[in-house]
Amino acid sequence: MVAADSRSVAAPLTQLSEEETMFQSSVRQFARERLAPHVRAMDEAGVFRKDLIQEFFDLGLMGIEVPESHGGQSGSFFQSILAIEELAKVDPSASVIVDVQNTLFNNALLRWGSDAQKRRWLPRSARDTVAAYALSEAGSGSDAFAMATRAFDEGSQYRLSGRKLWITNAAEAGLFLLFANLNPDLGYKGVTAFLIERDTPGFRVGKKEDKLGIRASSTCELILDDVRVPKENVIGEPGRGYKIAIQTLNEGRIGIGAQMLGLAEGALDHALAYSRERRQFGKLISEFQGVQFELAEMAVEVEAARLMVYNAARRRDADLPFLTEAAMCKYFASQIAERVASRAVEILGGVGFTKDYPVEKLYRDAKIGRIYEGTSNMQRLTIAKQILGAAPKQSRDHQRTDSNRSPASSV
Ligand SMILES: Cc1cc2nc3c(=O)[nH]c(=O)nc-3n(C[C@H](O)[C@H](O)[C@H](O)COP(=O)(O)OP(=O)(O)OC[C@H]3O[C@@H](n4cnc5c(N)ncnc54)[C@H](O)[C@@H]3O)c2cc1C
C-alpha cells in the first residue's frame, strides 16, 4: 500500500486556490453591492450603465488574462470563468460584456496578435475601451464563413464593405475584431480578421436590437461602407481568420457555459431563499416534499453544469484538449439554465411571474444560451463528430484551429 502522503492526488475541480477564492469573493461582492441595485432598471431601459462598465475596468475584469505589462491582471482563463459566473448570478447582461471582452476579443489578440498589436490595443481593452467580436451576418449565422462582408486589397491598405448583425457590446465598443472575406474564391480560406476602431471613416454602428433577454447588453448591426483599414490591423495572417474565429469561439463557449451556470445558480438561490420565507397551509413551502424535490433536482443540475464548465476551463488552462468539453458544457449549461430558471419562477408562484422578483428576468435571459456562440444544434454536431470519429481526433492543434474540412459546422 502506498502511504497517503506520497500519493499524487488531483485536486477536486471545484477546489479553488487562495488567489481564485479572493478573486471570486471580490467579484461576488461587487455584483451584490454595486450591480444588483441597477439590474431591473437597466433591463427595462435596455441600456447598461456606463459607470458600471468603468467599474469593470477599475476592478480589472476587462483584462483578466492580459499581462500586467499591458495593463491587465496576468490572470488565468479560469478566473475569467469565475468572473463571468459570479456576474451572471446577478445579471447575465453584465456577464456577457465581460465574457466577450475576455474570452473572445482579448483572447484572440493575445494568441494571434503581433507584439506591436498587443502593445497598441491590449492596454486599451484592459483599461478603458469596450471591445466587440463581429462574425455573424444576416445571411451567415451557424454557417458563419458564408459571410458576404468583403475586404479588398488596395496595396497599402484594405477596403472593407458589408454589414454585420447581432454584435454584442457594439453600442459601447471602441474596438472591433471583425471578420471579412478577402478572397471568396477560396471560400473560408479567404476569411481574414481585422481590428477596426470605432471612429474609422465609413464604419457605423447601426440598429440596436430590442430583445427578449439580456436586454441591457447591446446587440447591434455594424455597417461598413468602404472602410479603409491599414494593413497592420490584420490580426494573424490574411486568410487565417477562420482559424482565429474557430479557436476563440471554442474558448468563448466555455464562457457562455459559465454565464448559464451563474444564471442557474442565481435562480436556485432565489428559489431557496423564497421557499424558506413563504408560508402556505401553515408551513414554510420548503417543508413540502414536493418543493424540496424540485430544489434538490435544481441543485443537482447546477452542480453537474459547474463540474463541466470548470473542467473545460481547467483543461484549457492546463493546455489539454477541450473542444468536446467546451461544446458539452455550453450545451448542457444552457439547457439547465432554462430549466432551473423556469422551476424557480414556479417555486416563487405568482410573484415569480412578476418583475418585482428577479427570476422572471433570469428565465428570459436563459434563452440566449442555446443560440449565441453556436446554437445547441451546432454544439451537438461538434460533439457527435468527435464521438463518432468523423472529425480528426482531438489534439492541441485541432481544438485550436479545427479541421480544414468543414469549419462552418464548428461555429
Ligand atoms: C443576443 C445575441 C448576441 C449575439 N452576439 C454576437 C456577437 O457578439 N458576435 C457575433 O458574431 N454574433 C453574435 N450573435 C449571433 C449568433 O451567434 C447567431 O445568432 C447564432 O450563431 C445563430 O445564427 P442565426 O441566428 O443566423 O441562426 P441560423 O444559423 O439561421 O439557425 C436557425 C436554426 O437552424 C438551426 N441550424 C442551422 N444550421 C443547422 C445545421 N447544419 N444542422 C442543424 N440545425 C441547424 C440552428 O440550430 C437554429 O435552430 C448574437 C446573437 C444574439 C441573438
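Residue numbers start at 1 and run along the sequence shown. Whatever order the structure lists ligands and atoms in, that order sets their numbers, starting from 1.
- A cation-pi arrangement is found for Arg314 relative to Phe78, the charged atom lying closer than 6.0 Å to the ring centre and inside a 45° cone about the ring normal.
- For the pair Glu303 (side chain) and Met298 (backbone), a donor-acceptor distance under 3.5 Å is absent.
- Per-residue contacts place Ser142 under 4.0 angstrom from the following atoms of ligand 1 (heavy atoms of the residue considered): 23 (O), 28 (P), 29 (O), 31 (O), 37 (C), 38 (N).
- Residue Thr168 has at least one nitrogen or oxygen atom sitting less than 3.5 Å from a nitrogen or oxygen atom of ligand 1, judged on distance alone.
- The ligand atoms of ligand 1 that sit less than 4.0 angstrom from a heavy atom of Glu373 are 17 (O).
- For a threshold of 3.5 Å applied to N or O pairs, the pair formed by Val100 and ligand 1 contains no separation below that value.
- Using a 4.0 Å cut-off between charged nitrogen and carboxylate oxygen, Arg120 and Glu197 count as a salt-bridge pair.
- Annotation for ligand 1: atoms under 4.0 Å from non-hydrogen atoms of Ile167 are 7 (C), 8 (O), 9 (N), 10 (C), 11 (O).
- For ligand 1, the polar-atom distance check against Thr375 finds a nitrogen or oxygen pair separated by under 3.5 Å.
- Classification of Arg127 and Glu68 as a salt-bridged pair fails, no side-chain N sitting under 4.0 Å from a carboxylate O.
- With respect to Lys361 and Asp365, a salt bridge is recorded, a charged nitrogen being found less than 4.0 Å from a carboxylate O.
- At a 4.0 Å heavy-atom cut-off, ligand 1 touches Thr219 through the side chain alone.
- Remark: of the listed residues Gln117, Lys118, Gln247, Gln247 is the sole one forming a side chain to side chain contact (heavy atoms under 4.5 Å, CB included) with Trp112.
- In terms of polar-atom proximity, defined here as any N/O pair under 3.5 Å, Trp166 does make such a contact with ligand 1.
- Aromatic ring orientation, Tyr274 versus Tyr357: perpendicular (interplanar angle above 60°, classes split at 30° and 60°).
- The residue among Ser140, Gly141, Ala144, Ser136 with a heavy atom at the shortest distance from atom 23 (O) of ligand 1 is Gly141.
- The side chain of Lys211, and not its backbone, has at least one atom closer than 4.0 Å to an atom of ligand 1 (non-hydrogen atoms only; side chain from C-beta on).
- With a 4.0 Å cut-off on non-hydrogen atoms, Ile368 touches ligand 1 through its side chain and not its backbone.
- Because its NZ or CZ atom is both nearer than 6.0 Å to the ring centre of Phe152 and within 45° of the ring axis, Arg159 counts as a cation-pi partner of that residue.
- When each atom of ligand 1 is checked for a heavy atom of Leu135 under 4.0 Å away, the hits are 10 (C), 11 (O).
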